[in-house]
Amino acid sequence: MFGLPGGEVLVLIDELRRAGVDFVLMRHESNAGIAAAVYGKLRGQPGVVLTTLGPGAANLMLPLCSAYLDQEPLLAISAQIPDGFPASHTHQLLPLHDAYRPVARYVDKITGANVFEVVPRALAQCMERPYGAAYLTLSAREALTPSVGAAGVQGSGFGVRGSGSQVRGSGSQVPGSSSRVQGSKVQGSKVQGSSTTAREQAGALVDALKGAKRPLVVIGLSIDPANAARIRRWVTEWDLPVAVTPKVKGIVDETLPNFVGVAGGMAADGVMCDAIAAADLVVGLGLDPVEIDKLWHAERPIHWVLETPNAGGIVPPGVALVDHAQFLDALVAQRPPATWPAPFKSFQEQRLKMLNDRTDSTGTMWPGDIVRALAEVMPPETIVTTDVGSHKYLFGQYWPSRQPETFWMSNGLSGMAYGLSAAIGAKLARPDAPVLAAVGDGGFSMNAQELETAERVGAPFITVVLEDGSYSLIKISQAGKKLERYRTEFNPIDTVKMAEACGVAGLRTSNPDELAAAAAGAVKERRSLVIAVPVNDGDYPRLF
Ligand SMILES: Cc1ncc(C[n+]2csc(CCOP(=O)(O)OP(=O)(O)O)c2C)c(N)n1
C-alpha cells in the first residue's frame, strides 16, 4: 500500500502493519497513486493507495484519472468525515464519491457491516478489463467499528462480483469520449472465450490478409502481456509488419526487421501516420484509441481484434470480442496466406534517419544520442519510465524495447509527474530489473522529492533529466501556433543539487560516452543516480 497519512487513517495503517502489509510512505498522494498503479499492473493485482480525507483525498484526482484512461488497476482509499457528524461540520468535508464516480468504476463507503463485501468487490472491479480504478472511503469512526462477518464467509477474495448500485455500468455516468469515438460502451470484462469464435475470427483475418499487399498489425494497450510469446511467434513466423502504441512497447522486440515503429503521437509521428495511410490493411490487435491523438483510427477502416472493451468501456461497432490466446493459436496453426516482403521499408528507414539528423549545438547533447548511449548499456530487461513532454515523444518512439512490460508512460491521460513515481512502483514490483526514468526538467521539478522516497524504501533507479529550461513541448506548440514565446521557459533549478539534497548522487554531462558509462556503473552497483543532460529544445522539432 502506498500513500501519505493523516490522523484519520492511522488506525488502518497500524492494522495493516500488524497484518504484514507494508505502507510505502511517499511525499505526495498523487505520486503515491501513480506508483501504486504501476506496481499493481506489474504484479497483476490492484495497486492500493491510501490517503487522509479532504486535501489528501483531493490529491488523488490525477492518479484516478490516469488509472481510468491508462487502464491501470488502482484501488484508492481515503478517510472521510463520519456519517453521524452534525451538518454544521464542514471542515475538510468534500463530496468525494461524487468527485470520483466519473472516473472510478466502483465507489463505495466501507463500514464495519459491509467491509467483507465492499473491499473484495472493489478489488475485483479494478481487475475487470480494461483495468481501472475503484474508490472507497473509510471514516476514522468506522475504522474502529467491529466488522461483521469474516474473510471467506461473506466474500471470497477477488472473484466476488457484486451488483452494488454504485458499480459503473454503461451509459450516462461515463464521461468524455463517446462523442469522439464511434462505438458502444459495455461493462468492462474479458470475453468468455469460445474457440469457434476465435477460429472464425482467425479465418476472417486470414482471408483479409490473402489479398493484402501492405498489411500492418498495430498492437495496442488492451493486449494482455501474457500473450506476448504468441504474438511474437505469429508476427515472426508470418514475417508481418508490426507497429505498437507506446504503452505496449516491448510486446514485440523492437530491434527486429519487421518492426515498423510506434504509432500514437510520438516522435516521427508524421512518418508513422504516412505508414498507416499507406497500409492496405490495418489490423488493430488490442488497439485502444485512448493513446492516439490523431483521428486515423476513426477515419480509416480497421480490422479490429479485441479481447476486451477499450478504455472507457468502448467497443467499436460490429466488433465481437475474441479470446486473443485462442485467436493467435488458431493463426499460428496455419501457414501464412501470403508473403509481404518489407512493404514499409522506406518508412522504417525514414524513421531511423530522423534519429541521426543531429545538430552540433555546443554544450548540449543531441536528443537521439541520449537514447542511443543508454540503449547500448542498459540490459534488455530494463524498465524505462518517462514523464510527459518532448522527451516522452523521443523515448516513446526510439527506445528499443525488447521485452514486454518494460516501458511505462502516461499516455491516455498524458499527465506530467508520472515518470519518477512510476519508477518507484516499477522497482518495488520488479526489484531485480534495472529501472531508468527519463524525465524533463519541468516534470522533474514536480516530484523530484520522491528520490528521497526511493532511497528510503530501497528502490534505486537511474533518472536522466533532459534539461532545456523550458516546457519544450508546449513551447514548440506555441511556435506552431505562431504565438509569441511567452511563459514557457524557466530558470534552471540545479538538478544535481536537487538529487544530492535527496541523498542521491548526481552528475551532469553532455558527452554520450560519459552518459553511458555513468548509467552502466549505476546498474552494476545497483544504486540510484541522477544524470542531468543539457539538451537544446530547438533540436526536438527535427525529431517530430
Ligand atoms: C500535469 C500536467 N500539466 C501540464 C501538462 C501540459 N504539458 C504537456 S508537456 C509539458 C511540458 C513538459 O516539460 P518538461 O517536463 O520540461 O519536458 P519537455 O517537454 O521539456 O521534454 C506540459 C506543460 C501536462 N501534460 N500535465
Side-chain angles (χ1 to χ4, degrees), residues 1-16 23-37 46-70 72-115 118-119 121-123 125-126 132-145 164-168 172-176 410 413 415-418 421 446-447:
M1 182 174 276
F2 297 71
L4 196 159
E8 293 77 4
V9 289
L10 290 176
V11 169
L12 177 56
I13 293 174
D14 197 60
E15 286 291 331
L16 287 161
F23 185 75
V24 180
L25 175 68
M26 294 193 61
R27 298 284 186 149
H28 194 292
E29 294 84 351
S30 181
N31 302 334
I34 297 291
V48 187
V49 59
L50 178 66
T51 77
T52 190
L53 73 182
N59 273 344
L60 286 173
M61 184 54 97
L62 187 121
L64 283 169
C65 291
S66 170
Y68 169 59
L69 288 180
D70 282 73
E72 284 165 2
L74 177 67
L75 171 60
I77 305 175
S78 19
Q80 180 56 302
I81 302 288
D83 280 347
F85 267 36
S88 58
H89 183 94
T90 48
H91 177 65
Q92 295 194 314
L93 179 61
L94 292 171
L96 295 171
H97 287 187
D98 292 343
Y100 291 132
R101 191 170 287 116
V103 289
R105 56 172 57 144
Y106 177 61
V107 170
D108 216 331
K109 179 172 29 178
I110 304 173
T111 66
N114 73 13
V115 60
V118 162
V119 174
R121 188 184 298 160
L123 292 167
Q125 284 289 319
C126 294
Y135 178 69
L136 300 177
T137 49
L138 172 67
S139 74
R141 187 180 283 174
E142 273 315 317
L144 292 169
T145 308
S165 57
Q166 297 184 66
V167 176
R168 195 180 68 203
S172 60
Q173 291 177 342
V174 183
S410 172
L413 180 65
M416 288 170 71
Y418 178 91
S421 310
M446 278 185 167
N447 65 353

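We're numbering straight along the sequence, starting at 1. Heavy atoms only: backbone and side chains are in, while hydrogens, waters and symmetry mates are out.
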Checklist line | Euclidean distance, S66 OG relative to I34 CD1, rounded to 0.5 Å | finding: 4.0 Å
Next item on the list: Could you tell me which non-hydrogen atom of L93 sits nearest to which non-hydrogen atom of Q80, and how far apart they are?
Entry: CD1-OE1, 3.8 Å
Check: Distance from K109 atom NZ to D83 atom CG, nearest 0.5 Å?
Finding: 3.5 Å
Notebook entry, point to check: Would you say the side-chain atoms of Y100 pair up with the backbone N or O of M61, donor to acceptor, closer than 3.5 Å?
Noted result: yes
Notebook entry, point to check: Looking only at heavy atoms, which two atoms of D108 and R121 are closest? And how far apart?
Noted result: OD2-NH1, 4.4 Å
Next item on the list: List the atom of M1, the atom of L16, and the distance in Å for their closest heavy-atom pair.
Entry: SD-CD1, 3.2 Å
Check: Within the distance-only criterion (no hydrogens, no angle test), does the side chain of E142 pair as donor or acceptor with the backbone N or O of G112 below 3.5 angstrom?
Finding: yes
Check: If every non-hydrogen atom of H97 is compared with every non-hydrogen atom of V107, which pair is closest and at what distance?
Finding: CG-CG1, 3.4 Å
Notebook entry, point to check: When rounded to the nearest 0.5 angstrom, what is the spacing between CG in L50 and CG in L60?
Noted result: 9.0 Å
Item checked: Any V118 side-chain heavy atom under 4.5 Å of Y106 side chain -> yes
Notebook entry, point to check: Taking side chain as C-beta onward, heavy atoms only, is V49 less than 4.5 Å from P63?
Noted result: no
Notebook entry, point to check: Any side-chain heavy atom of P5 sitting closer than 4.5 Å to one from L25?
Noted result: yes
Checklist line | Residues that T51 engages under side-chain hydrogen bond (donor to acceptor under 3.5 Å, both in side chains), provided they are two or more places apart | finding: none
Item checked: Within 6.0 angstrom of H89 NE2, more than 12 heavy atoms from elsewhere -> yes
Note to self: Please find the pair of heavy atoms, one from T137 and one from A79, that lie closest to each other, and give the distance.
What the structure shows: CG2-O, 4.4 Å
Notebook entry, point to check: Tell me, do S78 and Y135 make a side-chain contact under 4.5 Å, heavy atoms counted?
Noted result: yes
Next item on the list: Grab the two heavy atoms, one from L94 and one from A58, that are nearest each other, plus how far apart they are.
Entry: CD1-CB, 4.2 Å
Next item on the list: Hey, could you give me the CD1/OG1 distance between I110 and T145, rounded to the nearest 0.5 Å?
Entry: 12.0 Å
Next item on the list: With rounding to the nearest 0.5 Å, note down the distance linking CG in L138 to CG in L136.
Entry: 9.0 Å
Check: Donor-acceptor pair, R105 side chain versus Q125 backbone, under 3.5 Å?
Finding: yes
Margin query: Could you work out, with side-chain hydrogen bond (donor to acceptor under 3.5 Å, both in side chains) as the rule, every residue matching T52, not counting sequence neighbours?
Written below: E8
Notebook entry, point to check: Atom OG in S421, atom CG in L62: separation rounded to 0.5 Å?
Noted result: 9.0 Å
